Amino acid sequence: LWHKGPKKPSPPKNPPTIASLSMNLPGDKIYSLLMGFDTFKQEVGKMKMNPNFKVSDFFKSINGDVTMAFTGFNQYTDPKIVMYVAMPNSKLNEALKNLTSQMQMAGMSARPASTPGEYIFENSSMKLTAYATLGPGYLYLTNDELMQQPPKGNAPAPMFTSNLEGMKQRPSGYMLVNPQSILVNGYFNQLLNGLGNIGSTLRTVLGACTAAEAFNKGNNQFQINVYTKDQQNNVLQKIFDK
């Protein structure tokens with residue numbers, strides 16, 4: 001149909017995921033494991049300055065999948081992160097209370113957003129903003145302004161289709177890298193330009209790859225797969241030829 005008049009603006013697109021990491025975490029066991037490290041104990045000691053933040057309760061509320069996605073950098077070259085934490089519905093409000101308390105200790109104010117179940121943490125003087133959403137069985141967190149709410153709909157992004165070997169196996173630990181998103185990211189482009197011939201080689205290799213995945217195989221083994229556009233050409237050999 002032909003439509004006269006000004007073109008309707010398109011909604012903003014979600015930023016391309018550069019890399020993601022998924023793990024299945026029993027929170028109580030992870031907490032016990034981390035407490036065996038002096039560095040973690042020291043950080044927990046610092047958190048005790050905030051009596052409203054119960055570190056052990058926060059970890060123990062996590063009992064399932066945790067997924068983190070790296071979507072880019074802000075103007076200060078700090079990473080933009082999206083995170084899903086699976087937890088029982090009965091633990092969500094408690095987790096949000098702990099999170100809010102810790103954010104306030106970091107100088108960030110907390111307020112509900114216009115949509116029920118969504119919250120905003122911000123420090124206007126430092127230009128820091130984070131977003132949280134309580135969903136059915138999960139806590140969603142991000143500091144990416146383009147990803148303030150969890151993506152809606154069941155259609156996955158093209159790079160997350162189930163034709164990847166590791167994704168088919170649904171391992172308890174899984175990492176995925178999107179080389180094409182690296183190439184369109186301004187920070188990485190600047191970095192590659194500064195590397196001269198090495199950067200040019202890396203750009204060629206990344207341009208020939210569609211995805212790279214790493215996942216656990218059990219018994220302290222893991223596997224790495226690199227998927228290329230041309231399966232007949234071993235583009236990775238270019239790295240070793242240099």
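Values below: every heavy atom of this structure, side chains too, minus hydrogens, waters and symmetry copies. All figures in this text were calculated on a predicted structure; none of them were measured in a lab.
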Open item on the list: Rounded at 0.5 Å granularity, tell me how far CD in Gln149 sits from OH in Tyr140.
Closed with: 8.0 Å
- [ ] Please answer whether the main-chain N or O of Ala130 pairs with a side-chain N or O of Asn143 as donor and acceptor at a distance below 3.5 Å.
- [x] no
Task: From CD (Glu213) to OH (Tyr227), nearest 0.5 Å - done: 3.5 Å
Open item on the list: Has Thr133 got a side-chain atom pairing as donor or acceptor with Gly135's backbone, closer than 3.5 angstrom?
Closed with: no
Task: Side-chain donor or acceptor of Ser22 paired with backbone N/O of Tyr174 under 3.5 Å - done: no
TODO: Determine whether more than 12 heavy atoms belonging to other residues, nucleotides or ligands lie under 6.0 Å from atom CD1 of Ile198.
DONE: no
Task: Asn89 side chain vs Gly137 backbone, donor-acceptor pair below 3.5 Å - done: yes
- [ ] Quick one: closest heavy-atom pair of Asn189 and Ile182, and the distance?
- [x] ND2-O, 4.4 Å
- [ ] State, yes or no, whether a side-chain contact exists between Glu145 and Thr129 at a heavy-atom distance under 4.5 Å.
- [x] no
Open item on the list: Checking the side chain of Asn123 only, and the main-chain atoms of Gly107 only, is there a donor and an acceptor separated by less than 3.5 Å?
Closed with: yes
Task: Under 3.5 Å donor-acceptor, Gln180 side chain and Leu206 backbone - done: yes
Task: Test item: Thr210 side-chain N/O and Lys229 main-chain N/O as donor-acceptor pair under 3.5 Å - done: no
- [ ] State whether the side chain of Ser200 and the backbone N or O of Gly196 hold a donor-acceptor pair below 3.5 Å, judged by distance alone.
- [x] no
